[in-house]
Amino acid sequence: MPFTQSSSLMCVCVCVCQNASYLQRPDPDLPICVERTVLVWLPLAFLWLCAPWGFTTLCKKPAKAPLSKLYICKQVVAGLLLLTAIAELPLTLAEDYGPSSDSTAQKHPVVLYANPVLFAVSWVVVMLCQECVRRRPRSVDSGSLFMFWLLQVLCAVFQFQTLLRDALNKEEIDDLPRFCLFYISNGLQLIALVLSAIADVSPEVKIISQTVRKNPEAKATFLSRITFSWFNSMLIKGFKRPLVQEDMWDLNEKDSTQTICREFEDIMAKELKKAHSRLQKKQNKRKTKNDHQSGLAKGVSQDVLVMEEMGKKKEKKKKKKKDSESDYPNSWLVPTIAKTFKGVLLETALYKLIQDILAFASPQFLKLMISFTQDKTSHAWTGYLYAVLLLVVAFLQSVILQQYYNRCLILGIKVRVALMAAVYKKALVVSNDSRKESTAGEIVNLISADAQRFNKVTNVLHLLWSYPLQIALAIAFLWIELGPSVLAGLLVMVLMVPINGWLATKSRGFQVENMKFKDTRMKIVNDILNGIKVLKYYAWESSFEAQVQEIREKELKVMRKFAYLSSVSTFIFSCAPAIVSLATFAVFVSVSPDNILDAEKAFTSISLFNILRLPLTMLPELISIMVQTTVSKKRLEKFLSGDDLDTMSVTRDDSHSKNSFVSLDIKPGRLVAVVGAVGSGKTSLISALLGELHSLRGRINIKGSVAYVPQQAWIQNTTLKDNILFGSNLDEEHYLSVVDACALGPDLDLLPGRDQTEIGVKGINLSGGQKQRVSLARAVYSSADVYLLDDPLSAVDSHVGKHLFERVIGPKGLLKDKTRILVTHGISFLPYVDEIIVLVNGVVSEVGSYDGLRASKGAFSEFLETYGKDESNNADSDYEQIDTLPEGLEPQADDSLEDIVSSTLKRENSLRHSQRVRVRKNSSVRSKKDSGDKKGQRLIEKEAMETGRVKFSVYLQYMRSMGWCFVTWSFLFYFIQNVAIIGQNLWLSDWTDDSVEYFNTTYPAHIRDMRIGVFGALGLAQGFLVFFGTILIADGSISASRTLHTNLLSNILKAPMVFFDTTPSGRIVNRFAKDIFTVDEMIPMSFRSWIFSILGVLGTLFVICLATPIFIAVVVPMAVVYYFVQRFYVPTSRQLRRLDSVSRSPIYSHFGETISGLSVIRAYGHQQRFLKQNEDTIDQNLKSVYPWFVSNRWLAMRLECLGNLVVFFAALFAVISRDSLNSGLVGLSISYALSMTQILNWLVRMTSELETNIVAVERVREYAEIKNEAPWITSNRPPDDWPTAGNIRFDNYKVRYRPELELILHGITCDIASTEKIGIVGRTGAGKSSLTNCLFRIIEASEGRILIDGIDISTLGLHDLRSRLTIIPQDPVLFSGTLRMNLDPFEKSSDEEIWTVLELAHLKDYVRGLPTGLQHEVSEGGENLSVGQRQLLCLARALLRKSRILILDEATAAVDLETDDLIQNTLRTEFSHCTVLTIAHRLSTILDSSRVMVLDFGQIVEFDSPSVLLNNKQGHFYMHIQVVGVLNPEFAQIL
């Protein structure tokens, strides 16, 4: 055996020695021993290396997959190959040792024995590998087997042609058996290669592809996967017609949100635990240190302390900053991401490493090509071989790079999804203290901007080690070319590191500042959208617009600084390659007169410098991304590590309930009322029972499940039915009884789709009372054990309230056997409760039954005597009347202020409604409306989405916003810079010719200096030109950002109310958040890169055509192919991008909805359902995101192949015309061609990115062009003191919601005199709200007019009109900011005036008690004030306006009776000189009005004083009073 090994090795050595003789001829060949050893063993070695990976599945239980025909064919071919291998062994043995063998003849070499054995074993391995593929779940083929067969066939080509050539030359075959066996084996290998390229789709995968929306990736072959050809079907569909969401394929299980999050959350929990323990140690250490220092300080004299005081103040600031950074667990997020996705990270790292190594092969081939053109004696085939090798290396590089990009992008999106889901999950469990640290706007920014940054950084993560590696390799190769001279270039690069560090530090500061402004701006935008109705009523839009614009200007100022800093960075790094090459070449030619720059050295070096260019140019951007991500990392870590709600604060067992200030014992099945003044802690008690408050001491025990009705109803943007069911299964009988008990029957008749009607965001198309009854119905339907009812009856009319109490909450209601805790201000309900709890300042004052508390003669008894006389006396008669309502007067939908949409939807059905009412009046038969024709009517339409190409007008609009001057000059600077690059390279090409001219002579110093000087000047010129171009683009883009944001904000504020009613706030927020972010940061970058790319491509083609004019013949067809590929791809890519934008809005909407309904979701324990809904919403978005990434890779793969062909043809034509070309031009041409692939790829990416990003401008423009309401100010201005009297006149006033709909008000004509107090009553849909909305011109007249003090209001500007009227709306809306800003946003009033109105609104003592007084910060939505306090602030607003006309949507329902009495007195005294219109909820409050207006179906049916109307026993008003039960002997006596 040792002999055979040595002889085999000797054979190979001899072959290598002979190799030169075989190649030094025009028709080269390889020696036979190389063909039979190296070329045979190479593929087999590859197979054996890959096989162990596949064998792992053999150990597992075999899958039940049947044997497919393709599998059988593959195994048969492998079996036949095994037979051919086995057949060759006995043949050789027979020839050497058989009976007919010649013993004196030389024996066959060992290779002929070894190869058949190796082949036989290998074919068995192949058969086992094919079995492994069959057993592997959902596997269709093997990439390693395909590569093996390909390698095998390619290596066999040499032996194939050698045997054929010998046979043809000798005209006979020497060794017929082996000749036949080889060609049979070769044929079988070709068949095996073809079979390995076909997908063997298992039945399991077929079933999946049929049930799932046919995602072709599941059954794509290896070839299809590496070229992304499986994506063709979607591109064809997208090319034929615009894609829609239904065309998207379902996600693979591994790519779904649920799968991604499961692993991420497990690892996050472990890492967070470690971070918490680190923080604990750190805090303990700091505490010990502080204790030690304070011990020492006791001995220090007072004088020294005084002297040190100043120093301590400075230190305090630093310490405070340091403490704030370290008071939460940090440095755990990055390890979590790394551990979760470690597999993909390692895989992508390997791809990147291979790609980087391959990138350095091209300059070496370029060097060989230049030496080939210089050496005219070398054979032509050498040049062709180099050209082919250039093509092969470039193709391999493309394949690996695209696989790397694809995995990186998918990894990025997975990281983003994991973070979004983690933030959402955290928001569901975060404690109230932690939640107050972040507003809804800031949390939305966490899932939009911060998660997106992590997405971006994951894509470029490997560049952190790849760029230094590329720089190191480039320097190593440059050293080989130019020797120690390369150290000069290296020194220049090292000097740039501190500059880079300084730029990064500054960038970070700007980024932090920018994010703060972004958060503040989004907070105010959220406030504006939440309180838009109040802004319109009070004409406050311009104040809030100014606030947003002020913050936006600060944001743009920081952006400008950041952009200028980027320009400096761009200048330095565009100069970098030129300066580095200048320093290197200058030193090289200067150190020795013998060093003359030739083409080989220069262009190999330039090629290496081109590789250096990208790492050097991208490093600052990479550092900038890292800096931005560090900021986002801290924000995410702070939020995600915040304290969770203490789930143990409320336990579920049979013990009694306890609260930190309150001791209660509530028995099962009892009805307990909680009463107390505003701010006494009633809502806090409910929150404590829900576990929402931080428990200082004590515990709470609740037996069974909980249902919760909050004081302000939380309604989801879904159907009415789904709002009631709230995730429970439908029990039709129970559902109908709940709807009936909650008095929702009449409302369903009015809604266009009955219970399938879609409810708008925040229940926008329901009145306040309807929302509250839906909220109550949700609780009742849930069939819980304990009901926590936080004042649900305050928002409904008294008669509806009594109906709800009797049918639902009271002793005979649906919940009679349940435990009910009812917070209420309604005294009439108290006699019917089992127990009453009286709260005073968060402490239980009294507990007992109604009679017991009255008898005790305590505070409650006095309270009853003062405020409850009428209501308590009438309690019994009220219930009797409820049961015997007059026909047609069953409990109606309440009369609170409806939205316009609501009134319109109701009005559309008014005709049928009136017919139904008449039937009821005339007959005892109650006819049911046939609602079969009504499907669930959508209020919120699907988001509008442009289709087809982005219109050129969108680009023009962006450029117009930038300013044509900026656009033109920046393009001109970039163009001249590109000319300078070409000039520099042509100069270098000319410089290299000096090596021929001054061969073997001294190189003149003046020529050397001139060469260096011009080369350096052109390099510096490039830097300055780029610097100026970038500064101009930065200024232009900031101008565009300002213009687009201003137009968007201005137009949104001028949009009519109907727009906000029918558009989810998430969509509008998306415009201000994601789309403006794209306009600010993404588009300028894309625009700049696109200009660079287009000029780069044109420059490259120009240089190649200059060197080899024949190349023009190839450019034309390639340009045509390029154009068609791009046009075929763009429609799909663009539409996928739009689908991404549209499907992203619901993520934000759902998120915002969840934040606002957090306490309800937690109370019902529906966190898991909402998590699932969030996952589904994100998955819908991912369905368009994943294909978009693949579409980019599909295109890049094809364009890179096109770029590779440019390299190939440039090299090929250089070989063909080498006699007429000098080596300098060849070097220039091919080095340019090598950069072509990258530039071409970049160009298409930038074209696509620019087009997809410009969609943001399209979306912003869509909302900036919404039809506006009437102008705010017109030329017809009223006098400053208008209205002086407050006379209102309606003259045949008719209103319709939209031109195609029926009238809402049918010719209202009436006169309201100055200082009259008018009460407005009527059923739901009667037109009460429409009437008041018309005064503010929320709805415009279709006929007739309204005159106020003789001036037609339609001739005035909206702000002139609205600022002179005052309304106190039903829902108290406050904005985040100071108390003062909430009262007087324009700062027109003095502090004295504000304190006066606060005193009148009974808030003075409360505000004085606050540490900051009027500067007290109101949290988002006024959450840090009780609902009653918010209502009193709204009263203070009205008092401050001093208007002559007040519209009161009687909004005192949320306050206790004592405060209500104070408010009524304030209204009577302070507004005695005003004309007051009151929409009545509690009719007792309008019985002292001057006149009462009764509306029915948009017409005035009665309008007179209350006493006259009450005398008309057949009148509408009398019937209303009779229903409510206000009329009683005592009251009649007063009248």
Side-chain angles (χ1 to χ4, degrees), residues 492 495-496 499-500 502-504 506-507 510 556-582 609-610 613-614 616-621 623-624 955 958-987 1013-1043 1079-1100 1102 1239 1242-1243 1246 1250:
V492 173
L495 289 172
M496 286 176 182
I499 301 169
N500 208 5
W502 179 80
L503 288 170
K506 292 294 284 180
S507 299
F510 290 144
L556 290 174
K557 198 175 175 182
V558 175
M559 271 170 57
R560 187 186 296 276
K561 288 178 187 173
F562 189 77
Y564 283 180
L565 206 65
S566 301
S567 302
V568 174
S569 162
T570 309
F571 164 71
I572 291 165
F573 288 96
S574 59
C575 284
I579 295 169
V580 169
S581 52
L582 170 70
F609 283 135
N610 277 341
R613 184 187 285 263
L614 189 67
L616 285 176
T617 311
M618 291 299 287
L619 263 178
E621 195 175 324
I623 289 162
S624 165
Y955 293 97
Y958 183 73
M959 288 192 279
R960 226 182 353 260
S961 305
M962 282 180 78
W964 288 111
C965 180
F966 286 124
V967 175
T968 312
W969 278 102
S970 56
F971 184 82
L972 199 63
F973 276 122
Y974 283 144
F975 179 77
I976 301 167
Q977 182 249 354
N978 217 56
V979 171
I981 292 175
I982 294 170
Q984 192 186 31
N985 285 323
L986 285 170
W987 182 259
V1014 173
F1015 187 80
L1018 286 167
L1020 266 175
Q1022 290 170 40
F1024 280 109
L1025 289 162
V1026 167
F1027 175 69
F1028 292 128
T1030 309
I1031 280 214
L1032 286 167
I1033 279 199
D1035 279 340
S1037 59
I1038 283 163
S1039 165
S1041 289
R1042 179 184 288 110
T1043 308
V1079 169
D1080 288 350
E1081 297 190 21
M1082 308 300 286
I1083 294 178
M1085 210 183 291
S1086 304
F1087 189 58
R1088 196 171 68 226
S1089 298
W1090 183 81
I1091 294 175
F1092 268 131
S1093 306
I1094 193 84
L1095 292 172
V1097 168
L1098 294 173
T1100 302
F1102 170 75
I1239 299 171
W1242 195 249
L1243 172 66
M1246 285 307 111
L1250 186 60

Considering non-hydrogen atoms only, spot the tightest contact between [X] and [Y] and give its length.
{"X": "I1033", "Y": "P1084", "value": "CG2-O, 4.4 Å"}
{"X": "F1092", "Y": "Y974", "value": "CZ-CE2, 3.8 Å"}
{"X": "N978", "Y": "L1095", "value": "ND2-O, 2.8 Å"}
{"X": "T1030", "Y": "S567", "value": "CG2-OG, 3.5 Å"}

* Name the orientation class of the two ring planes belonging to F973 and W969 (parallel below 30°, tilted from 30 to 60°, perpendicular beyond 60°). =>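 F973 and W969: tilted rings.
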* Excluding sequence neighbours, so at least two apart, what forms side chain to side chain donor-acceptor pair (under 3.5 Å) with S1086? ->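 Side chain to side chain donor-acceptor pair (under 3.5 Å) check on S1086 returns E1249, N1253.
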* Which residues share a side chain to side chain donor-acceptor pair (under 3.5 Å) with T1100, sequence neighbours left out ->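 Residues passing side chain to side chain donor-acceptor pair (under 3.5 Å) with T1100: none at all.
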* Asked: Given side chains that start at C-beta, do those of F1027 and I1031 come closer than 4.5 Å, heavy atoms only?
  ->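 Answer yes - side chains close enough.
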* Asked: What residue pairs, at least two apart or across chains, pass salt bridge (Lys or Arg N to Asp or Glu O under 4.0 Å) with a residue in residues 560-580?
  ->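 Applying salt bridge (Lys or Arg N to Asp or Glu O under 4.0 Å) to every pair that reaches into residues 560-580, excluding sequence neighbours, yields R560-D1035.
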* Taking only residues two or more places apart in sequence, or in another chain, which ones meet V1097 in a side chain to side chain contact (heavy atoms under 4.5 Å, CB included)? ->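 Partners of V1097 under the side chain to side chain contact (heavy atoms under 4.5 Å, CB included) test: L1101, M1236, I1239, L1240, L1243.
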* Asked: side chain to side chain contact (heavy atoms under 4.5 Å, CB included) with S1041: which residues, sequence neighbours excluded?
  ->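 S1041: side chain to side chain contact (heavy atoms under 4.5 Å, CB included) contacts with R552, L556, M559, V1079, D1080.
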Sequence neighbours excluded and cut-off under 3.5 Å, please list the side-chain donor-acceptor pairs for residues 958-966, or say none.
unit_1: S961; atom_1: OG; unit_2: Q957; atom_2: O; d: 2.7

* **Separation of L565 CG from F510 CZ (nearest 0.5 Å)** =>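 So the gap between those two atoms works out to 6.0 Å.
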* **Rounded distance [0.5 Å steps], CE in M1082 versus OG in S1037** =>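 It comes to 13.5 Å.
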* Asked: So with a 6.0 Å cut-off around OH of Y564, is the heavy-atom count from everything else above 12?
  ->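 Yes.
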* Asked: Counting N and O atoms only, with roles assigned by atom type, does the side chain of Q1022 sit under 3.5 Å from a partner on the main chain of Q977, one being a donor and the other an acceptor?
  ->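 Answer holds: no.
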